[in-house]
J.: 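Okay, here's the structure, questions in a sec.
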Protein chains: 2
Amino acid sequence: MARKTGSHSEITGPRVRAAAERLFARHGFAAVSMRQIAAEVGVQAGALYLYTKDKQALLFDMMDAHMIALLDAWQDIDPGGRPMARLEALVRFHIQFHMERQEAVFIAYMELRNLTPENYVAITERRKAYEHVVEGILSDGNTVGDFAVEDAHLSAMAVIAMLTGVNTWYREGGRLSLERVEEIYWDMVRKSLVG
Amino acid sequence: MARKTGSHSEITGPRVRAAAERLFARHGFAAVSMRQIAAEVGVQAGALYLYTKDKQALLFDMMDAHMIALLDAWQDIDPGGRPMARLEALVRFHIQFHMERQEAVFIAYMELRNLTPENYVAITERRKAYEHVVEGILSDGNTVGDFAVEDAHLSAMAVIAMLTGVNTWYREGGRLSLERVEEIYWDMVRKSLVG
DNA sequence: GTCTATAGTATGATAGAC
DNA sequence: GTCTATCATACTATAGAC
């Protein structure tokens, strides 16, 4: 019992980050005030600075955590083996991971321009690392004959844009289950990459 | 010579809209002040209200004009005839149109959440009209045997996301000409939609 | 048509009481 | 750890001079 009564650092910290993520996703980083975030958490504006250096750090930390989570999760799931099998796993993983974190994904795409130059570089590096994963699978697939793409980088960008686009239109409880969506997207992706 | 000396309404109005578009695209609607727009144009902040009702109207008007331009331009270009030919025309048109108006496209996607509820509905209706164009071509293509898609709406959304994604990575003077990019994207789109 | 001045309010961040 | 109070600054929009 070394901790003081009334110390909620481990509870309030995550709540601040969650509130900021929700509000940034809904209204945009620039449109949200520290007072709004504080109100959502149930503390005063000044108290937020116990959990974050400033508003910029709040944004950067959540974007960086998101990108790291994306890269780590793929590392864990990557089945290895044939490029065709790896890409199918990636398509399903990408759709699931992005649908489960709609708010973080939204922020990661929309708020790049609100990062300081150094923070922008850091996040862009992480994004490139993910794009490189996809590009690598397509290149390998070209080599072993699983795919026949003219330009692995272009095709990687096309595939990523297509998959992330699910977030903009899919709504739970609609006509199609997410599993069905994964199925059809994988079918489209596969066909688009073979001779 | 009915106009007063010093009257520049027809000149300043468009300059205000152009400056706003440039600044909103670069920094985001919420992050841009009326003072910044005025400075860019070379007038005082108060003078902007001669050319727009308020900041919201500035945003809505540019988004609405963009969506109308998109729909009108396709109407003019649509070759009719077989769905396969129409879709190829649309793929090339979409890439070209969106690449030529990067700032307007960026705003149309990013600033939806900064529209008032009524304005949001209006823009969303225009967007749906465009999506309906693509979906219609795919449905017709299913009927006449040009395409074999399981769900025309899903495939329309997938195609649109893929094509608009070009804006996020293509840079003029890079490895590939835009014509080459159109070629490869059309190849991917076509293959993804046939048996 | 554009200016200056200003009303009224909100902002990010900090200092110091408890 | 959280509060209140506050600094210094910025904001949108309007009024009224020219």
Side-chain angles (χ1 to χ4, degrees), chain A residues 1-24 26-63 107 111 113-119, chain B residues 1-21 23-24 26-62 107 111 113-119:
Chain A
M1 269 305 216
R3 233 171 325 283
K4 274 190 293 184
T5 312
S7 169
H8 302 117
S9 187
E10 301 87 351
I11 297 170
T12 310
R15 289 190 61 220
V16 169
R17 288 186 281 280
E21 182 164 300
R22 200 162 43 241
L23 288 168
F24 289 171
R26 194 118 58 204
H27 309 290
F29 173 76
V32 172
S33 70
M34 295 299 267
R35 280 170 178 79
Q36 275 176 273
I37 298 169
E40 188 94 347
V41 176
V43 299
Q44 293 293 316
L48 295 180
Y49 292 86
L50 293 167
Y51 308 102
T52 183
K53 190 185 156 293
D54 53 21
K55 202 185 170 193
Q56 171 69 205
L58 219 42
L59 178 62
F60 174 74
D61 289 346
M62 74 177 65
M63 289 176 77
I107 292 167
E111 304 297 355
R113 62 188 167 186
N114 283 309
L115 292 169
T116 61
E118 314 81 53
N119 287 345
Chain B
M1 271 302 214
R3 238 176 316 288
K4 273 190 293 184
T5 311
S7 168
H8 302 116
S9 186
E10 301 88 350
I11 297 170
T12 310
R15 288 190 63 217
V16 168
R17 288 187 281 280
E21 182 163 300
L23 288 168
F24 289 170
R26 194 116 61 205
H27 309 290
F29 173 77
V32 172
S33 70
M34 294 300 267
R35 278 172 179 76
Q36 275 175 274
I37 298 169
E40 188 94 348
V41 175
V43 298
Q44 294 295 315
L48 295 181
Y49 293 86
L50 293 167
Y51 308 102
T52 182
K53 189 183 157 293
D54 54 21
K55 202 185 170 192
Q56 170 70 206
L58 219 42
L59 178 61
F60 174 73
D61 289 347
M62 76 176 64
I107 293 167
E111 303 297 357
R113 62 190 167 185
N114 282 310
L115 292 169
T116 61
E118 314 80 54
N119 287 345

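Here is how names work: the chains are called A, B, and so on, in the same order as the sequence lines, proteins then strands, and each is numbered from 1. Scope of the values below: all heavy atoms of this structure, side chains included, with no hydrogens, waters or symmetry mates.
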J.: For a 4.5 angstrom cut-off between non-hydrogen side-chain atoms, does A:Arg17 reach A:Met62?
T.: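 When only atoms from C-beta onward are counted, A:Met62 and A:Arg17 do not touch, as no gap falls below 4.5 Å.
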J.: To the nearest Å, give me how far apart CE (A:Met34) and C1' (C:dA10) are.
T.: 15 Å
J.: Whole angstroms only, please: what is the CG-P distance between A:Asp54 and C:dA13?
T.: 5 Å
J.: Show the nearest heavy-atom pair for residues A:Gln56 and A:Asn119, with the distance to one decimal.
T.: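 Closest approach of A:Gln56 to A:Asn119: OE1-ND2, 3.0 Å.
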J.: Report, one pair per line, the protein and nucleotides 6-8 of chain C atoms (nitrogen or oxygen only) whose separation is under 3.5 Å.
T.:
none

J.: Rounding to an integer number of Å, can you tell me how far A:Lys53 NZ sits from C:dG12 P?
T.: 14 Å
J.: Looking at A:Ala30 and B:Ala30, what are the two nearest heavy atoms and their distance?
T.: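 So the two residues come closest at CB-CB, 3.9 Å.
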J.: How far apart are the closest heavy atoms of B:Asp54 and B:Ala57, and which atoms are they?
T.: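 Scanning both residues, the minimum pair turns out to be OD1-N, 3.0 Å.
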J.: Among all residues two or more places apart in sequence or in another chain, which pass the side chain to side chain donor-acceptor pair (under 3.5 Å) test with A:Glu111?
T.: A:Asn114, B:Arg113
J.: Rounded to the nearest angstrom, tell me the gap between atom CG in A:Asn114 and atom C1' in C:dG12.
T.: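 That distance rounds to 15 Å.
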J.: Each nucleotide N or O in nucleotides 16-18 of chain C that has a protein N or O under 3.5 Å away: list the pair and distance.
T.:
none

J.: Considering all heavy atoms of both residues, which atom of A:Lys55 and which atom of A:Phe29 are nearest to each other, and what is their separation?
T.: NZ-O, 3.0 Å
J.: In whole angstroms, how far is the P atom of D:dA10 from the NZ atom of A:Lys55?
T.: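 To the nearest whole Å, that distance equals 15 Å.
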J.: Taking ring-ring contact (aromatic ring centres under 6.0 Å, His included) as the test, write out the residues that go with A:Phe60, two or more places apart.
T.: none
J.: Taking side chain to side chain contact (heavy atoms under 4.5 Å, CB included) as the test, write out the residues that go with A:Glu40, two or more places apart.
T.: A:Ala19, A:Arg22, A:Leu23
J.: Does any part of the side chain of B:Ile37, heavy atoms only, come nearer than 4.5 Å to the side chain of B:Phe24, both counted from C-beta?
T.: yes
J.: Test B:Leu58 against every option in B:Leu48, B:Thr52, B:Val32 by the side chain to side chain contact (heavy atoms under 4.5 Å, CB included) rule and name the one that passes.
T.: B:Thr52
J.: What's the separation between atom CE in A:Met63 and atom CD in A:Glu21, rounded to the nearest 0.5 Å?
T.: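 Answer rounded to 0.5 Å: 11.0 Å.
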J.: A:Gln36 has an atom CD; how far is it from atom P of C:dT9, in whole Å?
T.: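 Rounded to whole Å, this separation is 18 Å.
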J.: Would you mind reading off the distance between B:Tyr49 atom OH and D:dT14 atom C1', rounded to a whole angstrom?
T.: 9 Å
J.: Please check the phosphate of D:dC11 (OP1 and OP2 only) for any side-chain N or O of B:Ser33 closer than 4.0 Å.
T.: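 Answer is yes, contact under 4.0 Å.
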J.: Near DNA chain D, under 4.0 Å by heavy atom, which residues of residues 37-46 of chain B?
T.: B:Gly46
